[in-house]
Protein chains: 2
Amino acid sequence: MRPTGVGIGEVARRTGLSVHTLRLYERVGIFAGPVQRDAAGRRVYSEWDIAWLGNCVLFRASGMPLAALAELARLVSEGPGNEADRLDLLRAHRQRVREQMTQLTDCLMLIDAKVAGYEKHLAAGAGGDPWQPNRP
Amino acid sequence: MRPTGVGIGEVARRTGLSVHTLRLYERVGIFAGPVQRDAAGRRVYSEWDIAWLGNCVLFRASGMPLAALAELARLVSEGPGNEADRLDLLRAHRQRVREQMTQLTDCLMLIDAKVAGYEKHLAAGAGGDPWQPNRP
DNA sequence: CTAGGAGCTCGACCGAGGTCTAGGTCAAAT
DNA sequence: ATTTGACCTAGACCTCGGTCGAGCTCCTAG
């Protein structure tokens with residue numbers, strides 16, 4: 001773990017985000033505290049920044065809006081004293097994630113049923129349409 | 001099961017969508033075949049339409065874009081003969097849903113870890129910040 | 001007869017989240 | 001010395017999925 005700083009291109013490659021998106025994220029305040037710059041003004045991301053970003057990517061993928069991420073970043077950057085608020089944010093998001101998971105599960109069951117229907121249908125060669133049992 | 005037709009307001013109430021959204025969905029072709037109208041030009045949804053819409057809502061909630069839904073609707077409305085195509089669409093979406101679920105699972109684990117950290121932190125009263133163990 | 005409520009169409013508008021462009025700086029390689 | 005490539009900012013632009021409003025047509029109840 002050398003105390004390296006990493007350029008934006010490298011971070012983009014590592015996280016799968018575009019450099020544009022990284023700059024956008026910074027503008028909307030997703031980093032906890034300002035990203036460091038080198039002498040020429042180029043961004044230098046710390047390993048901590050990158051780890052945080054990794055969490056952000058997960059949170060985003062689970063539907064957390066940028067604004068919420070920014071709020072969390074603000075809380076963290078303010079340092080100790082607001083842990084309860086962070087906890088609230090996390091718990092609220094956890095709730096939403098759980099709801100999503102049950103929806104995804106439902107959807108998966110539906111798809112599985114339809115897929116099974118079509119597979120049987122195709123294997124058996126024709127027959128009525130499995131999706132529209134009784135349409136004009 | 002009377003052969004009722006249902007008005008748009010009632011459908012909105014049943015599905016949780018707004019009437020605006022229902023009309024939008026129709027415009028982008030989400031229904032398999034045109035929605036019936038009464039003498040005055042008002043939409044009359046069949047029970048089949050409503051059931052289909054229910055599936056659409058689930059698919060949407062699982063991230064299927066309207067365009068894909070419209071494509072599926074087109075296939076279904078064309079009647080038998082393209083079952084393989086529908087199957088492709090469904091399998092592709094199933095794949096995406098599965099990926100989402102693993103991401104949600106990952107995210108949930110992360111959140112649980114953070115939440116546990118903060119809970120312990122708060123219960124124990126202060127100590128270092130669980131999220132930024134070593135920040136300047 | 002008339003007022004209210006539910007629908008209709010068409011088209012404008014909106015917020016979220018990116019994506020891209022123009023025009024410029026810098027540093028290392030040729 | 002110049003070219004190349006990575007980076008910078010500011011701001012325009014785009015897609016997606018809704019949401020809303022204006023102005024109209026009905027139907028039904030008072």
Side-chain angles (χ1 to χ4, degrees), chain A residues 4-31 34-46 49-50 53-73 89 92-93 96 100 103 107, chain B residues 4-31 34-46 49-50 53-73 93 96 100 103 107:
Chain A
T4 327
V6 180
I8 196 173
E10 175 66 14
V11 174
R13 238 166 298 122
R14 284 206 213 170
T15 59
L17 301 170
S18 73
V19 297
H20 302 288
T21 300
L22 285 173
R23 295 195 274 243
L24 168 67
Y25 279 11
E26 182 175 343
R27 269 212 310 284
V28 300
I30 261 187
F31 290 95
V35 174
Q36 300 304 318
R37 303 297 183 112
D38 69 9
R42 297 196 222 92
R43 290 167 179 81
V44 177
Y45 296 84
S46 69
D49 289 330
I50 298 176
L53 202 45
N55 293 342
C56 288
V57 167
L58 254 190
F59 285 148
R60 284 287 307 124
S62 60
M64 182 180 281
L66 292 185
L69 236 18
E71 171 69 4
L72 185 56
L89 236 163
H93 186 58
R96 265 170 283 124
Q100 278 185 76
Q103 282 191 319
C107 183
Chain B
T4 328
V6 180
I8 196 173
E10 175 66 15
V11 174
R13 238 167 298 122
R14 284 205 214 171
T15 58
L17 301 170
S18 74
V19 298
H20 302 288
T21 300
L22 285 173
R23 294 195 275 243
L24 168 68
Y25 279 11
E26 183 174 342
R27 269 212 310 285
V28 302
I30 261 187
F31 290 95
V35 174
Q36 299 304 318
R37 304 298 183 110
D38 69 7
R42 297 196 220 90
R43 288 166 180 84
V44 178
Y45 296 85
S46 68
D49 289 331
I50 298 176
L53 202 45
N55 293 342
C56 288
V57 167
L58 254 190
F59 285 147
R60 284 288 305 123
S62 61
M64 182 180 282
L66 292 185
L69 235 19
E71 171 70 4
L72 185 56
H93 186 58
R96 265 170 282 124
Q100 276 185 76
Q103 282 190 320
C107 183

S.K.: Report the distance from atom CE of A/Met64 to atom C1' of C/dA16, rounded to the nearest whole Å.
M.R.: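 After rounding, the gap between these two atoms is 16 Å.
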S.K.: Provide, to the nearest angstrom, the distance between the NE2 atom belonging to A/His20 and the P atom belonging to D/dA6.
M.R.: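 Answer to the nearest Å: 13 Å.
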S.K.: With distance as the sole test, does B/Gln100 use its side chain to make a donor-acceptor pair with the main-chain N or O of B/Ser62 at under 3.5 Å?
M.R.: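 Looks like yes, one N/O pair under 3.5 Å.
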S.K.: Starting at CD of B/Glu26 and ending at P of C/dC8, how long is that distance when rounded to a whole Å?
M.R.: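 Rounded to the whole Å, the gap is 8 Å.
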S.K.: Classify the angle between the aromatic ring planes of A/Phe31 and A/Tyr45 as parallel (below 30°), tilted (30 to 60°) or perpendicular (above 60°).
M.R.: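 Answer is tilted, since the angle falls between 30° and 60°.
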S.K.: Between A/Arg27 and D/dG11, is there a side-chain N or O to OP1/OP2 distance below 4.0 Å?
M.R.: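 Answer is no, no contact under 4.0 Å.
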S.K.: Report the nucleotide, chosen from C/dC8, C/dT19, D/dT9, that has the shortest atom-to-atom distance to any side-chain atom of B/Arg43.
M.R.: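 The answer is C/dC8, which lies nearest to the side chain.
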S.K.: Classify B/Ile8 by what it touches in the nucleic acid, base, sugar-phosphate, or nothing, heavy-atom distance under 4.0 Å.
M.R.: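 Sugar-phosphate contact only - B/Ile8 comes under 4.0 Å of backbone atoms but never of a base.
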S.K.: Respond yes when some side-chain nitrogen or oxygen of B/Arg42 is under 4.0 Å from OP1 or OP2 of C/dA6, and no when none is.
M.R.: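 For C/dA6, neither OP1 nor OP2 has a side-chain N or O of B/Arg42 closer than 4.0 Å.
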S.K.: In whole angstrom, what separates B/Leu24's CG from C/dG11's P?
M.R.: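 Rounding to the nearest Å, CG of B/Leu24 and P of C/dG11 are 15 Å apart.
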S.K.: Could you tell me how far apart A/Leu22 (CG) and C/dT19 (P) are, to the nearest whole angstrom?
M.R.: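 It is 11 Å, rounded to the nearest whole Å.
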S.K.: I want to verify a distance call: between D/dC8, C/dC20, C/dG18, whose nearest atom is closest to the A/Thr21 side chain?
M.R.: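 Between D/dC8, C/dC20, C/dG18, the one nearest the side chain of A/Thr21 would be C/dG18.
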S.K.: B/Phe59 has an atom CZ; how far is it from atom P of D/dC16, in whole Å?
M.R.: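 After rounding, the gap between these two atoms is 20 Å.
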S.K.: Rounded to whole angstrom units, what separation is found between the CZ atom of B/Arg13 and the C1' atom of C/dG5?
M.R.: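 About 12 Å, once rounded to whole Å.
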S.K.: Taking the nucleotide of DNA chain C with the nearest heavy atom to each, does A/Pro65 or B/Val44 sit closer to the 5' end?
M.R.: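 That would be B/Val44.
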S.K.: Does A/Arg60 put a side-chain nitrogen or oxygen below 4.0 Å from OP1 or OP2 of C/dG17?
M.R.: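 Result: yes.
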S.K.: Do any side-chain nitrogens or oxygens of A/Tyr25 fall under 4.0 Å of OP1 or OP2 in C/dG18?
M.R.: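 It does, given that an N or O in the side chain of A/Tyr25 lies less than 4.0 Å from OP1 or OP2 of C/dG18.
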S.K.: How about A/Val6 and A/Arg14: do any of their side-chain heavy atoms sit closer than 4.5 Å?
M.R.: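 A/Val6 vs A/Arg14: side chains touch.
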S.K.: Which whole-number value in Å describes the distance from A/Ile30 CD1 to C/dG17 C1'?
M.R.: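 A/Ile30 atom CD1 is separated from C/dG17 atom C1' by 10 Å.
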S.K.: Give one of base, sugar-phosphate or nothing for B/Leu66, where a contact means two heavy atoms less than 4.0 Å apart.
M.R.: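 Result for B/Leu66 = sugar-phosphate.
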S.K.: Could you check whether any side-chain heavy atom of B/Val57 comes within less than 4.5 Å of a side-chain heavy atom of B/Arg60, counting everything from C-beta outward?
M.R.: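 No, every pair of side-chain atoms sits at 4.5 Å or beyond.
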S.K.: Should B/Glu26 and B/Arg23 be marked as a salt bridge (charged side-chain N to carboxylate O under 4.0 Å, His left out) after you check the CA-CA gap, both sets of side-chain angles, and the distance that decides it?
M.R.: CA-CA 5 Å; B/Glu26 183 174 342; B/Arg23 294 195 275 243; over 6 Å; no
S.K.: Toward the 5' end of DNA chain D, which comes first, B/Arg23 or A/Gly7, by nearest nucleotide?
M.R.: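 The residue closer to the strand's 5' end, by nearest nucleotide, is A/Gly7.
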